[in-house]
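For reference, the structure is listed below as structure tokens.
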Amino acid sequence: MSVTELTSPPAQPLYRTLADHYLGAIRSGVLTPGERMPSVRTLMRTHAVSLSTALQVCRHLESEGWLEARERSGYFVRQPRRALLAPVKEPEVATPDPAAYVGVHARVSAIVARGQQADVRVDLSGASGEATLYPSAALNRIATQVLRRYPLLLTQAVTPNGHPELQTAVARRALDMGVQIAPDEVIVTHGCIEALNLALRAVTQPGDTVAVESPTYYGLLQVLESLGLRAVEIPTSPRTGMSIEALEMAVQAYGNIRAVVVVPNLQNPLGCIMPDAAKRRMAAFCDANRIVLIEDDTYSPMADSPTPLKAIKAWDRTGNVIYCASLRKTVAPGVRLGWVIAGRWHERVQMLKFAQSRPNDSLLQVVVGRFVASGAYDRHLRALRQTLREQRERMAESIAGSFPAGTRLLVPAGGFAMWVELPPNVSSTDLFEAALAQGVRIAPGTMFSNLNRFDHYFRICFGLAPSADLEAALALLGQLTRQLSER
Ligand SMILES: Cc1ncc(COP(=O)(O)O)c(C=O)c1O
């Protein structure tokens, strides 16, 4: 195969394209642990590349932990250390605990405030990438062009529901996920959090019960609390997402579930992806049982999958699915734009959005709309996914190397964060406090449940670029966990 046959994002150096090619072969099992990597000479001949490029390929794969150099024998495929860690345990599928009013705010706020007070050097508690991973130059350029083209954009009134440029860009992108909608069905919001607020306000009354994944995104729990709603936590597999069997049991046992909120693609914090068959079944089950399905699809463009992941909304035949998403994780963390496609509740969500916050500013919508409509967005996403994948692999290797036996990990197929299971006697609250005292911040597991579950889990973000500080922080977390487990 020649180099020209390898498809490469233009910004990527040649050695990285070739390294990805061989990484693909390792991942798919074509090259197995212990096997010899094609020699530097073979690489030069096969791909018509220089000695230095061929060497860079091997050294890159070595630095990422995929190859090891053996003296005078060349490079060999390594058994990744992370493969030696057992995966995070599957939850028991049983009737969930009865619904309870959500009361997480004080706990979550205390954890957030503790992290903000401390002198944090390495912050691993988030779920997005560093600012440098996002397309600032392209966004700045488009902003200048837009302001030149529409000099009154900042002074004229904004359009209700959203700017047509962004609505159209979103509707086009939705086609990839199997969702066909008209641009005016898109209601632009202040991030996904406003979309979730509107969706829940549109379909519930205070005191109603909402089913959520367990563990779930703490921001959702805060919204439920602020709306006076009760949550029933449904066991969720770290591989395949919310258990539909457990949801069925909850409906049978309690019968009063008004809505279910589900993150089918790269769930936060687990990173799981629901198989398409489960998405279809979930849509049908909720429809048949008059349960509104609120889908939060914040992360799907961040999946490794070569084809776009489908939304549950793709199987919505009756308008029962309210689809919420955001551009904050994909376009840039500073872009607080999201949207809601509210199906049957479109009019009501539209009214609530107007009453709650009025339409979003035009400038950001037009700039981001143009970017999302362009091929530059696809190129940015490819590069972002690639960087995150490398950072994820590297972090998983470091965790496998520094944490004690009994630690479990299931490396997600995309996204920004991993869910780590600590040995059963180690509390992530203790780990959080001990690490914070040394300037390292993680997200302890108790943030992700109203029932104060998951204390021996934590979420860790792989959005930071490799550095000596990061490696030291991971080594510190491993060492603190070891000390806590030996107490
Ligand atoms: C699953 C999930 N939903 C919603 C949000 C909030 O999205 P936004 O920041 O766009 O409001 C987040 C942010 O982390 C999230 O992880």
Side-chain angles (χ1 to χ4, degrees), residues 102 104 108 111-112 115 123-131 134 162 166 170 186-201 210-227 231 233-234 236 238 241-242 259-274 293-303 309 311-313 322-341 353 356-357 360 364-365 368 372 388 412 414-419 441-443 445 447-449 458-463:
V102 180
V104 295
V108 168
I111 294 172
V112 171
D123 189 355
L124 301 167
S125 67
S128 59
E130 280 186 305
Y134 292 93
L166 181 58
V170 164
V186 175
I187 300 174
V188 176
T189 59
H190 295 282
C192 187
I193 207 75
E194 188 181 38
L196 291 169
N197 258 288
L198 294 169
L200 285 161
R201 285 182 65 203
V210 176
V212 298
E213 292 143 335
S214 186
T216 189
Y217 168 50
Y218 60 85
L220 170 66
L221 293 173
Q222 289 177 300
V223 174
L224 295 178
E225 179 169 351
S226 71
L227 297 177
E233 294 195 20
I234 310 294
T236 299
M242 181 183 279
V260 50
V261 182
V262 61
V263 184
N265 297 323
L266 295 170
Q267 197 259 7
N268 181 4
L270 295 173
C272 48
I273 296 176
M274 251 189 182
L293 199 163
I294 300 174
E295 174 174 26
D296 173 345
D297 200 21
T298 295
Y299 293 99
S300 63
M302 297 314 306
L309 298 177
I312 298 183
K313 182 87 182 152
I322 304 184
Y323 178 92
C324 304
S326 169
L327 294 166
R328 190 168 85 82
K329 308 283 175 169
T330 53
V331 172
V335 166
R336 288 222 46 84
L337 284 177
W339 69 95
V340 48
I341 301 165
K353 166 69 179 159
Q356 180 167 292
S357 64
N360 288 58
L364 191 59
Q365 291 188 67
V368 170
V372 168
L388 288 166
F416 298 92
M418 286 187 275
W419 188 237
R441 186 175 175 201
I442 54 165
M447 294 177 88
F448 301 90
S449 160
F458 70 96
R459 190 188 71 182
I460 188 163
C461 177
F462 47 83

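Counting starts at 1 for both ligands and their atoms, following the listed order. What you see is a predicted model; the values in this text were computed from it and never measured.
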Give the residue, atom name and distance (to 0.1 Å) of the protein heavy atom nearest atom 6 (C) of ligand 1. Tyr217 OH, 3.6 Å

Flag Gly191 as yes when one of its N or O atoms lies below 3.5 Å from any N or O atom of ligand 1, and as no otherwise. no

Nearest neighbour of atom 16 (O) of ligand 1 from the list Trp339, Tyr218, Tyr299, on a heavy-atom basis: Tyr299

I'd like to know if the side chain of Glu213 reaches the main chain of Thr216, judged simply by a donor and an acceptor atom lying under 3.5 Å from each other, with no hydrogens or angles considered. no

From CG (Leu337) to OG (Ser326), nearest 0.5 Å: 8.0 Å

Mind checking the OG-NZ spacing from Ser128 to Lys329? Nearest 0.5 Å is all I need. 5.0 Å

Counting from 1 in the order shown, the ligand 1 atoms closer than 4.0 Å to a non-hydrogen atom of Lys329 are 13 (C), 14 (O)

Location of contacts on Cys192 toward ligand 1, heavy atoms closer than 4.0 Å: both

Below the 3.5 angstrom mark, is there an N/O of Asn268, backbone or side chain, next to an N/O of ligand 1? yes

For a side chain to side chain contact (heavy atoms under 4.5 Å, CB included) with Ile322, tell me which candidate from Val340, Leu200, Asp296 qualifies. Val340

Less than 6.0 Å separating the ring centroids of Phe448 and Trp419? yes

Kindly identify the option in Asn197, Leu220, Asp296 whose heavy atom sits closest to atom 4 (C) of ligand 1. Asp296

Ignoring hydrogens and angles, tell me if any N or O in the side chain of Gln365 forms a donor-acceptor pair with the backbone of Asn360 under 3.5 Å. yes

When distances are taken from atom 10 (O) of ligand 1, the protein heavy atom at minimum range is Ser326 OG, 2.6 Å

Ile193 versus ligand 1: do any nitrogen or oxygen atoms come within less than 3.5 Å of each other? yes

Quick one: does Tyr323's side chain have a donor or acceptor within less than 3.5 Å of a partner on Trp339's backbone? no

Counting non-hydrogen protein atoms only, what is the nearest one to atom 9 (O) of ligand 1? Give residue, atom name and distance. Arg328 NE, 2.4 Å

Quick one: CG on Leu196 to OG1 on Thr189, what's the gap to the nearest 0.5 Å? 8.5 Å

So is Glu194 in contact with ligand 1, going by heavy-atom distances below 4.0 Å? no

Proximity to ligand 1 by part of Gln267, non-hydrogen separation under 4.0 Å: neither

Name the closest protein heavy atom to atom 11 (O) of ligand 1, giving the residue it belongs to and the distance to 0.1 Å. Arg336 NH2, 2.6 Å

Just by modelled atom types, is the Lys313 backbone N or O under 3.5 Å from a matching donor or acceptor in the Glu295 side chain? yes

